[in-house]
Every structure is written in structure tokens, then in C-alpha cells.
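Proteins come first, then strands; the chains are lettered A, B, ... in the order of their sequence lines, and each starts at number 1. Just the heavy atoms: all of them, side chains too, but no hydrogens, waters or symmetry mates, feed the values below.
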Protein chains: 2
Amino acid sequence: MKLKDEKTEVKILKAAKEVFTKHGLYGARMQEIADIAGINKALLHYYFRNKEKLFDAVFEGALKKYFEQMMVIGDTSLPVKDRLFVFVDNMFTFLEEYPMMAIFILKEVTLNQDVFKQKIKQIKSNQPFLIDVLQDAMDKKEIKSFDPFVFMINLQSLCAYPFIAGPIYKNMFISHGYEWGNTHDNIEKIKDSVKEFITFKFQ
Amino acid sequence: MKLKDEKTEVKILKAAKEVFTKHGLYGARMQEIADIAGINKALLHYYFRNKEKLFDAVFEGALKKYFEQMMVIGDTSLPVKDRLFVFVDNMFTFLEEYPMMAIFILKEVTLNQDVFKQKIKQIKSNQPFLIDVLQDAMDKKEIKSFDPFVFMINLQSLCAYPFIAGPIYKNMFISHGYEWGNTHDNIEKIKDSVKEFITFKFQ
DNA sequence: GCCAAAATTAACCATTTGGTTAAACTATAA
DNA sequence: TTATAGTTTAACCAAATGGTTAATTTTGGC
């Protein structure tokens, strides 16, 4: 894909997003970005001083959004269970909007932990952390006691993985002669199953 | 980690697995692999002609193994629930051994679906598909009735995602001042929670 | 002990890669 | 028109990297 008739900066950002998404921070080549943008490599460094700066510019905000969903929405007037239901709804809304971003971020963080450690630290939120909300509810005997860390991981697993692994399921089910698409219907089914899981843990 | 007193080929494979797992195919450096293996870089090329060959050697069969996890072990003498427990054990064993494999496969499949469609088809197994096993058990009224697709996705989500998102959790928990100590201990906790989920669905 | 084959190494090599430089081109305001 | 600031390019550069070569050491059968 060659890009023309656009402001250079936009061309670069689009090309960079394409290449970074495909190959990651390490695998991406500045030359390929320049080629796709249809410009000279030096121009990349003119607009964005270096590779990492360009990377940051491309994914500015994406990381933040991704990690913000790990915070619980703070309507403390509602029971914890209802707040978690809202949390799940938000999670699915986010993931339906950015299914590619999720896997990209996960891969980048996995492969390049030291770099991302700092970027994650920079993300600040005034929302309470899910762990704390759960622990608090347990202390007040509002809910049954269980390991909040494990629960949080379970919950996010149930929400996120279906999107990340979507293509695998699609291929696998099809090649086994089953009917299954990433239709909104199926997503709703999965969402319900997550809420069922919450209800089970809270019973 | 320096490796000594082992057959060179084994040393190389162990070191390569460590480095590939940490940095991926692109990010891995042959020099680092050589250093960890405690040998000369040229020796890598003596045993494995080039980087990709070495990568293939390290992850030879891993893909096959991964997809075989999706088949239920065919010991039909056991109850379905026990077979699922074995399935979960196998899944965790595999993922602990190749934590980077899951995300690697996910990314590859997402990126290049047609290529993987064939690879998945090539992986032939005479093992029954999890969906079928569940449907069969439901038909025989051995277990409560539920959507086997959603259950399968739930199950694999609970198993795979903690490994895929492991680095994120590690960093996030640490940066929030939480204790998330010994990794294997926590993995066992999560594994138990998956089995608890199975028990819940089968009750 | 001798010798050939296998294993191992140090020193290189060619290419790639992120990044720089200085010159050239372009728009635009005075 | 021309001075100026902003934009774009070709040509480089140094470092890193995957890979090679030729020589040296080790091994094992005779």
C-alpha cells in the first residue's frame, strides 16, 4: 500500500501504524515505513526524531485506553456485582472496537518488557483498582471470600481472549464444519457467560 | 544463566529457547544465544545453519502440540469431567513450557490467516474434538446442557490468557505495590480456578 | 602414538539498520 | 523578486548483526 496526496505527517503515521502493527517495535524497519509512506527515510527522522518517538506517536493513547479498562468504574452507590457487570460491558465495548490493538499491545509488552515497564508506569488513573474494590467488599462481608487476583485474571481472560483468538476459532470451527462467526450474537453469548461466571463467584 | 556440562546442541537449544522466548524471532540476537550457551557464535551456525533454522528447531512441534491441546485426550473410559481436568493440566504444562508460543501463534494466525488455515488442516488428529465430546455427554444426559462453543472458548480463555498477559499483570501488580510472588505458585492457583469453573459448569 | 574426523574458535565479511549531513527544493510573506 | 523558513532528498556513516572462513583443538578408532 502506497500513500499519496496526504500531509506527510499523516502519511508517516499511517504507514508506521501499518508496519509497527505487522512487525512490532523491533521487527519494524524504518525503510519500510518510508517506502509505504512514499518518502525518504530521512524525512521520518525530520518529523519524528527516532524510531521510538515515532512508535510512541503512533500508539499514543492506545496503551492508556487499554490499561484504563483494568480499573473499575467508580459508581460506588451500586453493589459490587452490578459494578462488575458494567465493567464487563465496558470491556466488551472496548474490545469490539480495538480487537487488533489488544493483541498488538500484549505481544509488544511480552516481547519488550523493560521498555514497556516505564510506559505502563506513566499511565495514571484515579479510578480504584479492581483488586481493592473486591478486597473491600470481602472485608465488609458483602461477597464471598476468594482470591481477588485470581478472580481479576479469570475475568479479564474470559473477556479478552475470545477477541484475541477470534481468527483461530473462526478457522478452526470452519475447518471442522461448524458454524461460528465473530458475530455480535456470539459475542453477546460470551458476554453472558462472563456474567454468569461473576454470579457464580458471588453466590 | 550460563549453561555448562551438557551436549553443545542441547546447550544451544536451551539458550535459544530462552532468548527467543524473551525477545521473539526478530528481537533475538545470535550473539546472546551464543553467550548464554557459553560457546562461540560460529558454533551456532555449525549446528543450525541459520537463525530461522534454529528457531524452527526450538519450536519444532510446538505448533502441533498447541493445536493438539484443542483435542480432548481420548481416554473415553474416564468421565468427561476428568478428561477435561487432564485437558487443563496438559494445557498448563504446555503453556508453562512455551509461554511465548501462545501469543506467537495468535499473532501469526491473525496476521496470515490463509497460511495457517492449511497448517491447522495439516495437523490431523484422530482425537475427538472437544465440542463433540461435550455434545455427546449432553445428549447422554451425563452433564448439564450448555453451549459447548461458549464453554470451550471460556475454558481456553481461562487457561491461555494468564500466560499471554502475564508480563502485563506482573508489571501492573508491581507498580501498584501488590505482592504477586512466586510465579509457579500463582499459576497453580489459576489452574485450580479453571477446574473450579469446570466443576461449576458440570454441577 | 598417529591420524582423520568432528568440534570449536578467532578473525573476518557483507549487509542491514537507525540515524546524520549538507545540499536542494518549495512555499510564502515582505 | 527575493529573503527566509520549512520541507525533502541523496549520499553517507557507524554500529550491529547474521553469517563465513580458515585455522586450531579435541576426540576416538586404529
Side-chain angles (χ1 to χ4, degrees), chain A residues 1-60 63 104 107-119, chain B residues 1-60 100 104 107-108 111:
Chain A
M1 177 167 64
K2 260 270 190 93
L3 302 164
K4 284 176 188 174
D5 304 323
E6 271 184 289
K7 276 269 148 65
T8 304
E9 194 173 326
V10 177
K11 287 196 291 184
I12 292 175
L13 285 171
K14 281 190 180 178
K17 186 178 174 184
E18 183 185 331
V19 176
F20 278 132
T21 302
K22 200 155 62 185
H23 299 300
L25 175 55
Y26 265 111
R29 299 293 161 227
M30 296 296 268
Q31 188 59 59
E32 190 185 351
I33 294 172
D35 289 345
I36 289 173
I39 54 151
N40 188 285
K41 186 163 62 93
L43 209 52
L44 293 181
H45 295 88
Y46 176 75
Y47 279 90
F48 307 91
R49 207 175 312 159
N50 56 42
K51 195 182 184 182
E52 226 184 289
K53 287 265 200 314
L54 176 56
F55 184 87
D56 285 343
V58 171
F59 295 104
E60 173 212 0
L63 260 178
F104 171 79
K107 192 202 145 217
E108 284 302 300
V109 175
T110 304
L111 291 183
N112 211 346
Q113 297 191 35
D114 21 328
V115 173
F116 273 81
K117 197 178 276 183
Q118 296 157 349
K119 293 193 200 293
Chain B
M1 175 168 64
K2 262 277 190 87
L3 302 164
K4 284 175 186 173
D5 303 323
E6 269 182 291
K7 276 268 145 67
T8 304
E9 195 173 324
V10 176
K11 286 197 293 183
I12 293 175
L13 285 172
K14 282 190 180 179
K17 184 178 169 186
E18 183 185 331
V19 176
F20 280 132
T21 300
K22 202 156 59 187
H23 299 298
L25 174 56
Y26 271 113
R29 299 294 160 226
M30 294 297 268
Q31 188 59 62
E32 192 184 349
I33 294 172
D35 289 345
I36 289 173
I39 53 150
N40 188 285
K41 185 163 63 91
L43 209 52
L44 293 181
H45 296 88
Y46 177 75
Y47 278 90
F48 306 90
R49 207 176 312 160
N50 56 41
K51 195 183 183 182
E52 249 185 77
K53 286 266 201 310
L54 177 55
F55 185 85
D56 285 343
V58 171
F59 293 107
E60 173 205 70
M100 170 254 185
F104 174 78
K107 189 209 135 214
E108 288 299 310
L111 214 73

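- Closest to the side chain of A:Ala42, out of D:dA10, D:dT8, D:dG18, is D:dA10.
- B:Ile39 has its CD1 atom 14 Å from the C1' atom of C:dA10, to the nearest Å.
- Atom CG in B:Asn50 sits roughly 16 Å away from atom C1' in C:dA14 (whole-Å rounding).
- Distance, B:Lys51 NZ to D:dG18 P: 5 Å, rounded to whole Å.
- Between the CD atom of B:Glu32 and the P atom of D:dT17 there is a distance of 10 Å, rounded to whole Å.
- Atom CG of A:Asp35 and atom P of C:dG18 are 12 Å apart (whole Å).
- When side chains are defined from C-beta on, A:Tyr47 does not count as touching A:Leu54, because their heavy atoms never get closer than 4.5 Å.
- Taking the nucleotide of DNA chain C with the nearest heavy atom to each of B:Lys41 and B:Thr8, the more 5' of the two is matched to B:Thr8.
- In terms of heavy atoms, A:Ala28 sits closest to A:His23 at N-CB, 3.6 Å.
- Atoms NZ (B:Lys11) and P (C:dA7) sit 13 Å apart, rounded to a whole Å.
- Atom CD1 of B:Ile33 is separated from atom CG of B:Leu43 by 13.0 Å, given to the nearest 0.5 angstrom.
- Nucleic acid contact for A:Tyr47: sugar-phosphate only, since backbone atoms but no base atoms lie under 4.0 Å from a heavy atom of the residue.
- Put simply, OH on B:Tyr46 is 14 Å from C1' on D:dT24, counting in whole angstrom units.
- Heavy atoms only, all atoms of each residue included: B:Arg29 and A:Tyr26 are closest at NH2-CD2, 4.0 Å.
- Taking 4.5 Å as the limit, every side-chain heavy atom of A:Lys14 sits out of range of all side-chain heavy atoms of A:Glu18.
- Across C:dT8, C:dG19, C:dT9, the shortest atom-to-atom separation from the side chain of A:His45 is found for C:dG19.
- Looking at heavy-atom distances under 4.0 Å, B:Ala28 makes contact with sugar-phosphate atoms alone, never a base.
- Distance A:Met30 CE to C:dG19 P: 6 Å, rounded to the nearest Å.
- For B:Arg29, the listed nucleotide lying nearest its side chain is D:dT17; candidates were D:dT17, C:dG18, D:dA10.
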